[in-house]
Structures are given as structure tokens and as C-alpha cells.
Amino acid sequence: MSEAIPGATGAAVSPEDLARANLYALIGRLFYDAPDSMLLAEMSSPGAACADSEGGITLAWSRLRAAAASAYPMRLKQEYDMLFVGVGKAEVTPYTSHYIVGIPPDQYLLRLRNQIGSWGLARRNTAGETEDHVAGVCDVMRFLISDGRSVEEQRLFFKEFVYDAGTRFIQAIDASASAVFYRQVGEFARAFLEMEKRSLEMEEG
């Protein structure tokens, strides 16, 4: 979704943070397009683990892995298109500006562009989606973590552009009768966002 202009911080990134970045990358990829057979195989492989001491994300990951193991790419593509693309209007819009309360979508998008621009990020010229696509904001979080940006920067972006819009987006998926595999994706994404919220709030304290 986005490309970085050179200027990495060079800060060391822990294995735990790299795992967080990878989860943002996975969630972003699943909401950007339906998974192909290779991604489904990787998700359902015995070595694909996702540990959480509280167990919530582990259970959600187990359910998503099971769904991936029995899924057919063609059917998932049909489900994805019905949910997020549609004919004329999608059942569930994947653009986070739709889920923000108290600010017009165009102002929200401008604020988002200004924020990611301050980090040297920009939307690829070939991308048809605007920066507020769910996959796009996940990609920004992945960048902030893997680039070694401060917890404060991560927390502020998460609070303003990820958590509220992301949880409302997942609620919209839950309300859709067309969601089958993507209901499991949403459950996993919700568990991850809640884990992130707790973790970043602990860092604030």
C-alpha cells in the first residue's frame, strides 16, 4: 500500500516487536485481497504459531488456521469481492474514514496523509486504494515497528488511526451474512488489536 522514503532510525528491534510487525503485515495482506493457495498453506502449516500468554489471540489464531486449512482460494476470492468490493457498493467498506465519528472523511484522510508523510511514507503511484484502507494503516504500523520508531509514535498512530476504526470495521464484518472465512479473520484481527491496546497502554504507564 505504501512505500518508505529512506530514513530508517536504525534502532534495534526485538524479536517480539518483529512478531508484532509480521502480524500487522498478515492482517493487512488478508484485508487487501483474498489469500492465495500459498498463503493459506503457510497459515495452516504446523509451524505457524502465534503465542499469547492470555490465550485470547491463540484461540482466534487456531480458528483462523483451521479455516485456512479447509478453504479454497476461488471461494475466498468470491467472498472477499462480495464483502469488500461488491457491484456498485461493497457490503463492508475497508476504508477506515468510514468508521470515524466526529470528523468528515476528507479531513480525516488529510490528517492521515500528513501524519504518514511526516515519517517519509507515501502511497504507491500504482495503488488504487487511498491511504485509509485497512491494509494501509496496518502497513504503517508494520513500518513503525520494524523501523524501530518509538513506542510513543506507535501508540499515537494506533489510537488515532487504527483501533477505533479497526474495531468498527470488524463489527461490520460480524454483521454481514456473507462473511464466513473473513469472520475468522476479523476475530483474529480483533484479538490482536485488543492485545496491542493493552500492551501500548502498559508502555504508557
Side-chain angles (χ1 to χ4, degrees), residues 1-5 7 20-21 23-34 79-145 147 149-179 182-183 185-201 203-204:
M1 282 291 293
S2 59
E3 58 187 356
I5 299 172
R20 290 174 57 220
L23 289 180
Y24 274 112
L26 173 61
I27 292 168
R29 168 61 182 85
L30 291 171
F31 284 131
Y32 187 68
D33 199 1
E79 180 180 338
Y80 181 92
D81 288 347
M82 185 176 296
L83 275 172
F84 306 119
V85 180
V87 179
K89 183 179 180 182
E91 288 187 29
V92 178
T93 179
Y95 295 96
T96 56
S97 59
H98 178 80
Y99 303 98
I100 295 299
V101 178
I103 179 173
D106 57 340
Q107 291 183 23
Y108 170 84
L109 183 56
L110 178 60
R111 182 184 297 175
L112 174 61
R113 284 173 175 163
N114 289 338
Q115 180 61 74
I116 66 176
S118 71
W119 290 313
L121 296 176
R123 183 171 63 94
R124 292 190 181 95
N125 292 331
T126 56
E129 301 79 13
T130 51
E131 294 87 343
D132 62 329
H133 194 286
V134 170
V137 297
C138 284
D139 197 37
V140 174
M141 283 298 301
R142 178 203 59 77
F143 164 80
L144 293 176
I145 298 165
D147 196 54
R149 300 285 171 156
S150 69
V151 173
E152 179 67 14
E153 289 175 292
Q154 295 176 37
R155 179 168 55 245
L156 291 176
F157 187 83
F158 181 83
K159 283 184 175 181
E160 185 163 359
F161 298 107
V162 181
Y163 181 76
D164 287 343
T167 53
R168 290 173 187 141
F169 166 67
I170 295 165
Q171 289 169 2
I173 295 174
D174 288 341
S176 173
S178 300
Y182 271 91
R183 195 177 303 278
V185 176
E187 179 185 342
F188 175 69
R190 178 189 286 113
F192 177 62
L193 291 182
E194 292 300 333
M195 184 178 71
E196 279 283 276
K197 183 173 182 288
R198 291 192 300 270
S199 176
L200 291 170
E201 286 176 347
E203 292 283 350
E204 188 175 17

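Sequence positions, counted from 1, serve as the residue numbers for this chain.
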Spacing of [atom1] belonging to [X] relative to [atom2] belonging to [Y], to within rounding of 0.5 Å:
| X | Y | atom1 | atom2 | value |
| --- | --- | --- | --- | --- |
| T130 | Y95 | OG1 | OH | 5.0 Å |
| I145 | L23 | CD1 | CG | 9.0 Å |
| L156 | K159 | CG | NZ | 7.0 Å |
| T93 | L83 | OG1 | CG | 11.5 Å |
| F31 | H133 | CZ | NE2 | 9.5 Å |

- Do R183 and E187 meet the salt-bridge criterion of a basic N to acidic O distance under 4.0 Å? no
If every non-hydrogen atom of [X] is compared with every non-hydrogen atom of [Y], which pair is closest and at what distance?
| X | Y | result |
| --- | --- | --- |
| L193 | F158 | O-CZ, 3.5 Å |
| V140 | F157 | CG1-CZ, 3.5 Å |
| E91 | S178 | OE2-OG, 2.7 Å |
| A135 | Y32 | CB-CB, 3.7 Å |
| V92 | S176 | CG2-CB, 4.2 Å |

With a 3.5 Å cut-off and sequence neighbours excluded, list the donor-acceptor pairs that the side chains of residues 162-170 form with protein atoms.
| unit_1 | atom_1 | unit_2 | atom_2 | d |
| --- | --- | --- | --- | --- |
| Y163 | OH | E194 | OE1 | 3.3 |
| Y163 | OH | E194 | OE2 | 2.6 |
| T167 | OG1 | Y163 | O | 3.0 |
| T167 | OG1 | D164 | O | 3.0 |
| R168 | NH1 | Y99 | O | 2.8 |

- Query: Counting only N and O atoms by type, is there a donor-acceptor contact under 3.5 Å from the side chain of E79 to the main-chain atoms of Y182?
  - Reply: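 A pair under 3.5 Å: yes.
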- Task: Say whether, by atom type as modelled, one donor and one acceptor occur between the side chain of Q107 and the main chain of P104 under 3.5 angstrom.
- Result: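 Looks like no, no N/O pair under 3.5 Å.
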- Task: Determine whether M141 and F161 make a side-chain contact, defined as any pair of heavy atoms from C-beta on separated by less than 4.5 Å.
- Result: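 Side chain of M141 against side chain of F161, heavy atoms only: no contact under 4.5 Å found.
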- Would you mind reporting whether F143 and Y24 have side-chain heavy atoms less than 4.5 Å apart?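 Sidechains of F143 and Y24: no contact.
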Enumerate, atom names and distances included, each donor-acceptor pair closer than 3.5 Å involving a side-chain atom of residues 108-116, sequence neighbours excluded.
| unit_1 | atom_1 | unit_2 | atom_2 | d |
| --- | --- | --- | --- | --- |
| Y108 | OH | T96 | OG1 | 3.1 |
| R111 | NH1 | E160 | OE2 | 3.1 |
| R113 | NE | E131 | OE1 | 2.8 |
| R113 | NE | E131 | OE2 | 3.3 |
| R113 | NH2 | E131 | OE1 | 3.3 |
| N114 | ND2 | L110 | O | 3.3 |
| Q115 | NE2 | S118 | OG | 3.1 |

- Query: Taking the inter-plane angle between the rings of F188 and F192 on a 0 to 90° scale, is it parallel (under 30°), tilted (30 to 60°) or perpendicular (over 60°)?
  - Reply: parallel
- Query: So which of Q154, R155, R20 actually passes side chain to side chain donor-acceptor pair (under 3.5 Å) with E196?
  - Reply: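 When Q154, R155, R20 are each tested with E196, the side chain to side chain donor-acceptor pair (under 3.5 Å) holds only for R20.
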